[in-house]
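Everything numeric in this text was worked out from a predicted model, so none of it was measured. Count residues from 1 along the sequence.
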Amino acid sequence: MWGGRTGALLRVWGLWPAGVRGRRPLGCNAASLAGNNSPQCWNCGGPGVPKRGDGFFCPQCRALQPPDLTRDYFSLMDCNRAFGVDTAKLQNRYQQLQRLVHPDFFSQRSQTEKDFSEKHATLVNDAYKTLLAPLSRGLYLLNRRN
């Protein structure tokens with residue numbers, strides 16, 4: 001009934017069809033969801049993504065989670081928040097993240113995970129390109145300062 005893309009979007013938004021076992025009903029309290037500090041997995045509804053590590057995958061079902069678009073590029077790429085960046089470390093981190101989230105590795109997964117993979121890969125690419133070039137890194141630092 002709620003399979004495919006529609007079901008996945010309902011799970012991502014926290015809206016579950018009423019009467020489906022193991023799921024929250026549609027009438028859940030949005031305020032309580034917003035106040036919850038530990039996000040739930042879109043796929044299994046399990047407890048949130050761990051705060052330690054990258055938080056790319058659900059610890060229960062190993063499904064790729066939606067990217068945090070508000071995450072700072074420096075924290076994503078595991079760099080000190082400064083103008084001087086170790087470019088070798090940056091390149092290693094970029095390759096490590098691409099091995100985790102590149103869309104080629106999600107070709108046999110659900111469409112939702114494919115979409116999340118594309119968004120993660122785009123975010124990682126943007127972070128890498130921004131932090132690699134000194135001018136764009138400096139502008140990024142200035143823009144994030146406000």
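- Nearest heavy atom pair, residue R137 against residue L132, reads NH2-O, 3.1 Å.
- For Q60 against C44, the heavy-atom pair with the smallest separation is CB-SG, 4.1 Å.
- Shown here for M77 and R93, the closest heavy-atom pair between the two residues is O-CG, 3.2 Å.
- Taken to the nearest 0.5 Å, the SG atom of C61 stands 4.0 Å off from the CG atom of N43.
- Put simply, CG on N92 and CG on D78 are 11.0 Å apart, with the number rounded to the nearest 0.5 Å.
- Residues Q95 and Q98 form no side-chain contact, since every pair of their non-hydrogen atoms from C-beta on lies 4.5 Å or further apart.
- Closest heavy-atom contact between R145 and R81: N-NH2, 4.2 Å.
- No donor-acceptor pair closer than 3.5 Å links the side chain of W42 to the backbone N or O of A63.
- Here the closest heavy-atom approach between residue A133 and residue S136 is recorded as O-OG, 3.1 Å.
- If you take OG on S107 and NE2 on H102, they are separated by 11.5 Å, rounding to the nearest 0.5 Å.
- The shortest side-chain heavy-atom distance between N80 and V85 does not fall under the 4.5 Å cut-off.
- Side-chain contact between S110 and E113 is present, with heavy atoms from C-beta onward closer than 4.5 Å.
- Relative orientation of the F106 and F57 rings is parallel, given thresholds of 30° and 60° on the angle between their planes.
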> Passes side-chain contact (heavy atoms from CB on, under 4.5 Å), Q65 versus C41? Steps please.
Replying inline: CA-CA 7 Å; Q65 297 302 298; C41 172; 3.3 Å; yes
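- In K89, the NZ atom is crowded: over 12 heavy atoms of neighbouring residues, nucleotides or ligands sit closer than 6.0 Å.
- Screening V101, L76, L100 for a side chain to side chain contact (heavy atoms under 4.5 Å, CB included) involving H120 leaves a single residue, V101.
- Atom CZ of F116 and atom CZ of F56 lie 13.5 Å apart (nearest 0.5 Å).
- Cluster annotation: F83 and L90 are assigned to the same hydrophobic cluster (Ile/Leu/Val/Met/Phe/Trp/Tyr, side-chain heavy-atom contacts under 4.5 Å, transitive).
- Of the candidates V124, D126, N125, T122 forms a side chain to side chain contact (heavy atoms under 4.5 Å, CB included) with just one, namely D126.
- Both the sub-6.0 Å distance and the 45° axial angle are not jointly satisfied by R99 relative to the ring of F105.
- With a 4.5 Å cut-off on side-chain heavy atoms, K119 and P66 do not count as touching.
- Counting only heavy atoms from C-beta outward, the side chains of Y128 and L97 never approach each other to under 4.5 Å.
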